[in-house]
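First up is the structure itself, then whatever we jot down about it.
To find a chain, count down the sequence lines: A is the first, B the second, and so on, and within it residues start at 1.
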Amino acid sequence: MNNKKPLELYVHIPFCARKCLYCDFLSFRALAKVQEEYVRQLLEEIQAASLTAAERRVSTIFIGGGTPSILEPVMIRAIMETIRMYFEVAPDAEITIEANPGTLTAQKLDIYRGCGINRISLGLQSADNGELKALGRIHTFEEFLKSFERARQAGFWSVNVDLMSALPGQTLESWKNTLKKVAMLKPEHISAYSLIIEQNTPFWERYGQDGCGGSGPGSWPPLPDEETERKMYQVTKEFLEEQGYIRYEISNYAKPGFECRHNIGYWTGAEYLGLGLGSSSCYKGSRFSNETDLETYLQLDFMKDGLVKLYQNVQAQTRNSRMEEFMFLGLRMTKGVSDIDFTAQFGVKIRSVYGEKIDRLIANGLMREEGSRFMLTDWGIDISNYVLSEFLLDEEN
Amino acid sequence: MAATIDQSKIRNFCIIAHIDHGKSTLADRIIEKTGLLTSREMQAQVLDNMELERERGITIKAQAVRTVYKAKDGEEYIFNLIDTPGHVDFNYEVSRSLAACDGAILVVDAAQGIEAQTLANVYLALDHDLDVFPVINKIDLPSADPDHVAAEIEDVIGIEAEDAPRISAKTGQNVDDVLEAIVHKIPAPTGDPDAPLKALIFDSVYDSYRGVIVFCRIKEGTVKKGTVIKMMATGAEEEVVEVGYFGAGQFIPCEELSAGMVGYITASIKNLKETMVGDTITDKNNPCSEPLPGYKKVTPMVYCGMYPADSAKYPDLRDALEKLQLNDASLYFEPETSLALGFGFRCGFLGLLHLDIIEERLEREYNLDLVTTAPGVIYRVHKTNGEMIELTNPSNLPDPSEIEYMEEPIVSAEIMVTSEYVGAIMQLCQERRGVYLGMEYIEGTRALLKYDLPLNEIIYDFFDALKSRSRGYASFDYELKGYQRSDLVKLDILVNREEVDALSFIVFAGSAYERGRKMCEKLKEEIPRHLFEIPIQAAVGGKIIARETVKAMRKDVLAKCYGGDISRKRKLLEKQKEGKKRMRQIGNVEIPQKAFMSVLKLDDE
């Protein structure tokens, strides 16, 4: 071990074969030429950004999107090689790539393994082809099975499968079925989110906030009602725990030892640096995000201007914002937050800041206290928005 | 400066129009195209005085303006343009402004033709013996049909419109014709400058330097600095400090105001309540024999509770109301207490528009965050012991056993609507307990419907409902007719089994169930989910007549935190927290402030 501070890297690939109907992430279709141009610029950015990270040692890398697997695999290799050239990457670093089952070939997987990527995250969402179609996904469950198989063959011993509940037309039965089919494959990690209808997506147009999707010919399957949605969440936990998965975060399950270190970093105040269009960083005392317009991004001159023009919305973290984040991010972890860590970081005990609120939340059955840790109860997780908003401090404090 | 102005060169007039027919645009054009001063006055030292006014930073409300017009006959005429408030809430003020004029310009939209307010205002003007001449405006619109509108004016109102100026106040086209028409069609004032003083108050404003500034029309006699004046209705007496007239944006002092003139008087009057609109000013030492006709004391028609969202702001709210009252004698308020909302005020207004204006000024100019309860009218409660109380706050309703009967205010309403919507509007009036009085067809395509309607049925959302059910084509005017015995009950709302006094209202017994049900539905939408289930019930006399339930919170989970972008998560949580702040704690339920106004929006259509 050396004593350099750990740093997480997030690399954003904003391209996909087709935009899913629910997706509001920064991602779009682009010609191969544009993709190439983007990666070239990304490599420039990696170089420029590395200058600030001499005292850092990369502990995790997450290549996300969009659909990173849409890129020619040599580009992924170029990205990895550049990172390794300019950053110090720990030998045991967790290196993940997101892949769409419809775009994954054996050749790609071999190259990924070859450049040190050791974890793959497959965006399946559902095992029901009808539901997949309704989401606007480009793949079938059968294609996913092939991709999963290929990933194993290529030597990925840490695989995540992304699933989504509360989909249009989904029933409790079909969701259980999805869970069963996936658990049979024994991936090391499962992320199970419920679908959120976000603004500026085709789903928002269709479902608005009432979720009914219209009626008559050409109408869309309705979203499950709230009770069903909640049951889906409960079933997920019960079933996956039976199968030997541990819920370590509100929506994330893993076999022991396979929790996603990169994501845990987000919840526990680790430093992370975003690379590429629109990516977010929490680095050296500030939160900021990269330029989101592709044209503008491509025209930046890192050699000349450094990173100033790239970084937007730079916000210095304050003591208050750190405390808030310590709580509302940390409580997403099922093991909760530690008073010892809090005290070490802020010099005061959690109760001296949040005592009154915590007591009320505990009295209402939304939180628990175990030893020196505080955590959400199952009900607290169900209504975590309500609970977590309690940890925002008033400005004047 | 001897300001003897030849009466025959004065024109006192107002502009009447339906809303949006271009009244204020025409007024602006008239002011633009005329001068501020006569050539004689130019030479006097008036300009210096104006500088002084400017330094003191006094500007006048636009209620009246004096301009000078050099007519084609080579003479200079003084135009006193008196503004009339354009809303039915201010009918009395309109009538007093009209009484200060000798004639009126009727502006009619060349595309829309005559509307309900056009008629109401014309009748009001004719009642005051004003000479009315029409102007057809907006001839620049593609849909303009001035010939048709001219014929309509002649048919419906019966005033000659063939040679009515056809103008576009917006572009200025033919506005000169209006100026000439003012000279020739509006009569010059009459009145004897040597008779005992008789002046009509048509408005007044409060100025912190000079006290009340009274706007008046001199009908008879003369007033100047030093005259001891007496308000005949209120009995207030003061010595005149200054008289003058209204420049564009300034008060311009002058020597005297004599019969036929329009101007202002200051006399160290400290309270607006002493100079009521419609009152007659006379000379204490040489009083006139009788006051001008038409004075009445204005009383509020609509009441509601106003509470500071932050109870610590109660004194601020009181100060703000006091300040507003300085310039608005028709605003009424007294302290009241609500179990749900704490300390606040029961406020009285001329109508809902007046309420809206005051509420908006309190929020904008005084930066107050308010919780306003549902507006109500004044009910007369006749008790079994023979006593009669005027009820402005539903919470004060005596026990039903003590009530002999109750009365509610009724208005006479005139609704003008194109014939295709007559059915829909009659239906609406029916639903609002209207009593049909009659209908006149105006040249085949439009009808004037006459109804008696209970005031409490029209103060909330009648106007909106009217507009939506007629695709915007209906127009509406009303005046108070009197009180009528009615079967009224108090509807109480219980949230989590606790009565919320601020949500109670008086309602016609036959509508109680429907209103109660809608109110519960509305509150169900407004009250966010809590950790527990919340019943919302409507009750009349302790009997539950409707119920809804706000379900307990079930699931509310943050989505994927993507690529470490926590700013969205933070925003979402902040929104949630902000939402909690705008709540009123009633028992252990948090009720959003806007829920207290939700009774206003119960019409489905």
Side-chain angles (χ1 to χ4, degrees), chain A residues 8 10-12 24-26 62 64-65 162 164 166 191 193-196 198 226-227 229-230 232-233 249-251 262-263 265-267 270 272-274 276 278-282 287 289 313 315 321 324-325 328-329 332 364-366 379 381-392 394, chain B residues 309-313 367 369 496 521-522 524-534 548-594 601 604:
Chain A
E8 304 193 336
Y10 173 80
V11 181
H12 191 64
D24 75 331
F25 296 139
L26 184 61
F62 196 103
D162 272 346
M164 257 198 245
S191 292
Y193 294 95
S194 49
L195 173 70
I196 305 274
E198 298 282 3
E226 183 187 46
E227 246 348 90
E229 199 187 327
R230 184 162 179 256
M232 286 176 177
Y233 233 63
E249 193 260 358
I250 290 181
S251 305
H262 185 83
N263 270 321
Y266 292 154
W267 313 132
Y272 54 91
L273 184 62
S279 58
S280 301
S281 302
C282 176
R287 289 194 178 271
S289 54
N313 312 316
Q315 286 212 303
S321 75
E324 291 169 349
E325 282 160 14
F328 79 69
L329 296 175
R332 292 185 63 105
N364 284 326
L366 297 164
W379 193 34
I381 289 175
D382 280 347
I383 56 169
S384 53
N385 277 358
Y386 172 86
V387 180
L388 297 178
S389 69
E390 291 287 319
F391 292 96
L392 294 179
D394 289 327
Chain B
D310 171 2
S311 53
K313 293 277 173 68
N367 207 14
D369 200 1
N496 206 21
E521 280 171 10
K522 190 79 194 173
K524 183 189 170 186
E525 283 168 32
E526 299 276 359
I527 297 176
R529 294 185 171 198
H530 283 56
L531 299 174
F532 44 87
E533 200 175 89
I534 304 166
E548 290 284 340
T549 306
V550 179
K551 283 197 251 168
M553 251 188 258
R554 301 303 270 161
K555 181 171 165 295
D556 188 5
V557 181
L558 286 172
K560 197 164 179 170
C561 177
Y562 208 79
D565 178 11
I566 74 139
S567 63
R568 273 169 62 177
K569 309 285 152 248
R570 178 180 270 283
K571 270 182 204 142
L572 203 139
L573 294 178
E574 275 166 0
K575 214 173 119 197
Q576 185 135 14
K577 183 179 178 223
E578 199 48 45
K580 285 183 204 168
K581 267 191 190 166
R582 284 194 293 270
M583 302 277 185
R584 275 280 166 166
Q585 186 88 27
I586 312 281
N588 51 359
V589 178
E590 287 171 329
I591 303 182
Q593 287 167 25
K594 64 177 180 171
K601 287 141 199 141
D604 299 325

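- Only the side chain of Glu226(A) comes within contact range of chain B, judged by heavy atoms closer than 4.5 Å.
- For a residue to count as touching a neighbouring chain, one of its non-hydrogen atoms must lie under 4.5 Å from one of that chain's; by this rule Glu227(A) touches chain B with the side chain only.
- At a 4.5 Å heavy-atom cutoff, the contact between Lys551(B) and chain A is made by side-chain atoms alone.
- Other residues, nucleotides and ligands contribute at most 12 non-hydrogen atoms within 6.0 Å of the CD atom of Gln315(A).
- A side-chain N or O of Tyr233(A) and one of Ser251(A) form a donor-acceptor pair less than 3.5 Å apart.
- For the pair Phe391(A) and Leu329(A), the minimum side-chain heavy-atom distance is 4.5 Å or more.
- Annotation for Tyr386(A) and Ser389(A): closest pair O-OG, 2.9 Å, computed over non-hydrogen atoms.
- Leu195(A) does not touch chain B: none of its heavy atoms, backbone or side chain, sits under 4.5 Å away.
- For a residue to count as touching a neighbouring chain, one of its non-hydrogen atoms must lie under 4.5 Å from one of that chain's; by this rule Arg230(A) touches chain B with backbone and side chain alike.
- With chain B as partner, the option from Val11(A), Asn364(A), Asp382(A) having the largest number of non-hydrogen pairs under 4.5 angstrom is Asp382(A).
- Residue Ser279(A) comes nearest to Gly274(A) through the heavy atom pair OG-C, 3.1 Å, listed as atom of the first residue, atom of the second, then distance.
- To the nearest 0.5 Å, the span separating OG on Ser321(A) from CG on Leu392(A) amounts to 10.5 Å.
- Put simply, of Lys575(B), Glu574(B), Arg529(B), the one with the most heavy-atom pairs under 4.5 Å next to chain A is Arg529(B).
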